[in-house]
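Below: one structure, written as structure tokens.
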Amino acid sequence: MNVKLLTREQRHTIATGIFGFVLLLVLMQLWLLMATMNAFLAQAYAIVWPAAFASIACLFLNLGLFRYLRDLDRQAETLESQTDDSGTGGI
Amino acid sequence: MTMEPVNKTQPLSVRTRWRDDFPIDDAWYRYLSRREFTKFLLLISGAFATGQVWIGFLKERRKADRSVEPEIRIARVSEIPVGAAREFFYPTAHERCLLIRLSEERFVAYSDKCTHLMCPVVPQVEEGRLFCPCHKGVFEIEHGRPVQGPPNRPLARINLEIRGDMIFATGMEYPQA
């Protein structure tokens, strides 16, 4: 997606969507942690490592999403600094 | 960064006066707070993933510790009347267990930690149950299975061996629900 064509409102919408998705993944990780702890206390060890790998996958997804958001902001700021004071550029 | 313009052509009754003095770009600051919160969520995510990996290491350590279960002497058969219960510690000095004589030949032993929130259970042998006073959980005495209340896993069972007049604890089992 060409950042130059994104308006500020569009960027805000993308940021809100990313925030919602990250929140969802974090809630999933919380549930995974509680379920794993419950199973560990019951001496049911089969799910411990699969749950750990799933949680790490969620963490990497979150990192990727946040990195995308940060790059979006950086590109927009770079383009903003290149536009004139008239406010044109649609950033 | 563009600032939201203050429309001074609007009458004062329509716009609030403070916006003339503090022309803050609300949308921009809301955006920044969402981004900061997302960063915070990333930290939380990292903490959860670390917790999961830590549980994995605890599991490996516990398996190594319990690969050899100790054998300890609990009591003499003659010391425990029928319908009585005795406290002992197994496999470590910190883990309290209960030895219960159900009949002349039948002995059972369980960990006294309720499987709900680890409160110590109280043996009620005449009623055939082990009772957890914290949340009114009940386990049947024959097999340690939960029959009432919030617990949903059986009590950890201690394996017993009777040699002559002596009762020995030889291992621990964790039956699944």
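Just so it is clear, the values below take in all heavy atoms, side chains as well, and ignore hydrogens, waters and symmetry mates. Just so we're clear, the structure is a prediction, and the values are computed from it rather than from any experiment. Chain letters run A, B, ... following the sequence lines, proteins first, then strands; residues in each count from 1.
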Per-residue contact mode, B:I44 against chain A (heavy atom under 4.5 angstrom) =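 For B:I44, the side chain is the part near chain A, not the backbone.
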
Looking only at the side chains, is there a donor atom on one of [X] and [Y] sitting less than 3.5 Å from an acceptor on the other?
X: B:S111; Y: B:E95; value: no
X: A:N62; Y: B:S45; value: yes
X: B:T115; Y: B:N152; value: no

request  = Measure distances from A:F19 to the heavy atoms of chain B and classify the residue's part below 4.5 Å as side chain, backbone, both or neither.
outcome  =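 A:F19 touches chain B through backbone and side-chain heavy atoms alike.
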
ask   = Looking at A:V22, A:L25, A:I56, A:L30, which one has more heavy-atom pairs under 4.5 Å with chain B than the rest?
value =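 Result: the option with the highest number of such pairs is A:L30.
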
task = Determine the option with the most heavy-atom pairs under 4.5 angstrom with chain B, choosing from A:I18, A:N38, A:V48, A:L33.
result =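 Of the candidates given, the most pairs with chain B belong to A:L33.
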
key: B:R163 to B:F168 six-membered ring, cation-pi geometry met (6.0 Å, 45°)   =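 Yes, a cation-pi geometry holds between B:R163 and B:F168.
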
